[in-house]
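Computed over heavy atoms, backbone and side chain alike; hydrogens, waters and symmetry mates excluded.
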Amino acid sequence: MSELPSDITQLLPVRSVGVPDALTDAELLTLYSTADPSLTLVRANFVASVDGSATAAGLSGRLGAPADKRVFDLLRQLADVVVVGAGTVRGEGYGAMLLGDAAAAWRVARHRPAHPVFAVVSASLSLDPASDVFTKAPVRPLVLTSSSADPARRQALEAVADVVSCGEQRVEPLRLVAELRRRRLTQIHCEGGPSLLGDLIAADVLDELCLTVSPTLEGGAGPRITRAPAGPPLDLRALTLDHLLLSGSMLLSKYSRAR
């Protein structure tokens with residue numbers, strides 16, 4: 001990581017999403033859109049308390065607020081595929097990846113499928129084929145797994161999803177991205193959890209991090225937003241602050257990887 005400057009400036013104005021001159025959805029979509037959606041972009045969206053916890057009482061949703069949920073939905077609207085680890089799918093109670101009517105219409109007007117693909121990452125395939133994630137999905141989901149996963153579980157899930165091996169013993173981030181790109185799913189959006197984000201950072205495939213800072217103190221019981229895979233410590237990954245938004249005392253930031 002290059003040496004950082006020591007000068008300090010005041011960031012004005014901080015754009016607000018919760019006052020009369022607040023940003024519209026169209027303006028927010030412009031802020032979060034990429035110039036060329038055909039180019040591969042790996043983006044993650046997380047929320048953390050001021051003292052660094054990714055959850056409160058085990059759920060990330062308890063740290064959120066209406067503005068955070070609004071950006072959460074808009075980022076899905078922009079994505080070709082939403083990638084989530086199986087533990088987060090179970091822990092956060094995910095259902096089918098369904099957008100609202102207005103968001104689906106916005107996508108169709110731009111010659112894109114009405115809904116993004118939902119991709120679940122699970123090396124062990126500990127997933128329920130009868131869950132709403134699969135049975136109520138508007139687009140056939142993907143399950144990204146390892147070649148060593150249980151064959152019986154794989155066969156059961158193949159009835160409701162496309163099951164793709166992205167590694168021998170674990171899901172390898174480079175192979176995950178390559179497989180999604182092969183399917184022309186170039187706008188890749190990750191919603192968790194910490195282990196998946198840690199793998200993406202370690203492989204240096206993460207291009208953007210959208211981080212909401214909840215104006216709360218959790219006290220230290222919860223996890224961080226990222227968990228490093230086994231191995232030596234990483235060199236710091238430099239980021240550039242693209243924008244900073246404000247809703248009440250909640251901050252919504254977007255950082256891009258400075259390569």
S.K.: Determine, using the 4.5 Å side-chain heavy-atom cutoff (strictly less than), whether Val139 and Val121 are members of one ILVMFWY cluster.
M.R.: yes
S.K.: Got a sec, which pairs hit side chain to side chain donor-acceptor pair (under 3.5 Å) with one end in residues 85-104, sequence neighbours left out?
M.R.: Ser60-Glu92, Tyr94-Glu191
S.K.: Could you note down all residue pairs passing side chain to side chain donor-acceptor pair (under 3.5 Å) where residues 106-119 supplies at least one of them, sequence neighbours left out?
M.R.: Asp80-Arg112
S.K.: Does atom CD of Glu158 have more than 12 heavy-atom neighbours from other groups under 6.0 Å away?
M.R.: yes
S.K.: Mark yes or no for whether Arg140, through its side chain, and Ala161, through its backbone, hold a donor-acceptor pair below 3.5 Å.
M.R.: yes
S.K.: What is the distance from atom CZ of Arg227 to atom CG of Leu196, rounded to the nearest 0.5 Å?
M.R.: 11.0 Å
S.K.: Is Arg224 atom CZ crowded by more than 12 heavy atoms from other residues, nucleotides or ligands, each under 6.0 Å away?
M.R.: no
S.K.: What about Val84 and Leu197, same hydrophobic cluster or not, with Ile/Leu/Val/Met/Phe/Trp/Tyr joined at side-chain heavy-atom distances under 4.5 Å?
M.R.: no
S.K.: Is the backbone N or O of Leu176 less than 3.5 Å from a side-chain atom of Glu179, with the two atoms forming a donor-acceptor pair by type?
M.R.: no
S.K.: Is it the case that the side chain of Arg237 and the backbone of Ile201 share a donor-acceptor pair, with hydrogens and angles ignored and the cut-off at 3.5 Å?
M.R.: yes
S.K.: Return the CD to CG distance between Glu208 and Leu239, rounded to the nearest 0.5 Å.
M.R.: 10.5 Å
S.K.: Do Val163 and Phe118 land in one hydrophobic cluster if side-chain heavy atoms of ILVMFWY residues count as linked below 4.5 Å?
M.R.: yes
S.K.: Among all residues two or more places apart in sequence or in another chain, which pass the side chain to side chain contact (heavy atoms under 4.5 Å, CB included) test with Leu217?
M.R.: Val50, Asp51
S.K.: Under a 3.5 Å distance rule, please check whether Asp207 uses its side chain to pair with a backbone N or O of Arg43 as donor and acceptor.
M.R.: no
S.K.: Would you check if the side chain of Ser49 reaches a backbone N or O of Leu63 as a donor-acceptor pair within less than 3.5 Å?
M.R.: no
S.K.: Is the shortest side-chain heavy-atom distance between Val71 and Cys210 below 4.5 Å?
M.R.: no
S.K.: Between the side chain of Gln187 and the main-chain N/O of Ser38, is any donor-acceptor distance below 3.5 Å?
M.R.: no
S.K.: Same cluster for Leu185 and Val120 if Ile/Leu/Val/Met/Phe/Trp/Tyr side chains link at under 4.5 Å?
M.R.: no
S.K.: Would you say OH of Tyr255 has more than 12 non-hydrogen atoms from neighbouring residues, nucleotides or ligands within 6.0 angstrom?
M.R.: no
S.K.: How many angstroms lie between OG in Ser165 and CZ in Arg175, if you round to the nearest 0.5 Å?
M.R.: 7.5 Å
S.K.: Counting C-beta onward and ignoring hydrogens, is there a side-chain heavy-atom pair between Pro116 and Leu99 closer than 4.5 Å?
M.R.: yes
S.K.: Given side chain to side chain contact (heavy atoms under 4.5 Å, CB included), test Thr226 with Phe46 step by step and report yes or no.
M.R.: CA-CA 9 Å; Thr226 182; Phe46 280 76; over 6 Å; no
S.K.: Count the heavy atoms of every other residue, nucleotide or ligand shown that sit under 6.0 Å from CZ of Arg62, and state whether that count exceeds 12.
M.R.: no
S.K.: Please walk me through it: do Ser33 and Leu78 pass side chain to side chain contact (heavy atoms under 4.5 Å, CB included)?
M.R.: CA-CA 7 Å; Ser33 293; Leu78 291 167; 3.4 Å; yes
S.K.: Under the 3.5 angstrom rule, does the side chain of Thr145 hit a backbone N or O of Ser122 as a donor-acceptor pair?
M.R.: yes
S.K.: Would you check if the side chain of Thr240 reaches a backbone N or O of Ala258 as a donor-acceptor pair within less than 3.5 Å?
M.R.: no
S.K.: How far does OG1 of Thr34 sit from CG of Leu41, to the nearest 0.5 angstrom?
M.R.: 6.0 Å
S.K.: Could you walk me through whether Val143 and Val164 pass the side chain to side chain contact (heavy atoms under 4.5 Å, CB included) check?
M.R.: CA-CA 6 Å; Val143 176; Val164 183; over 6 Å; no
S.K.: Can a donor-acceptor pair be found, under 3.5 Å and without considering hydrogens, that links the side chain of Ser148 to the backbone of Glu168?
M.R.: yes
S.K.: What's the spacing between Ser146 OG and Gln169 CD if we round to 0.5 Å?
M.R.: 6.5 Å
S.K.: Rounded at 0.5 Å granularity, tell me how far CG in Leu157 sits from CG in Leu142.
M.R.: 12.0 Å
S.K.: Check for me, please, whether Leu39 and Val205 land in the same ILVMFWY cluster - side-chain distances under 4.5 Å, paths through other members count.
M.R.: no
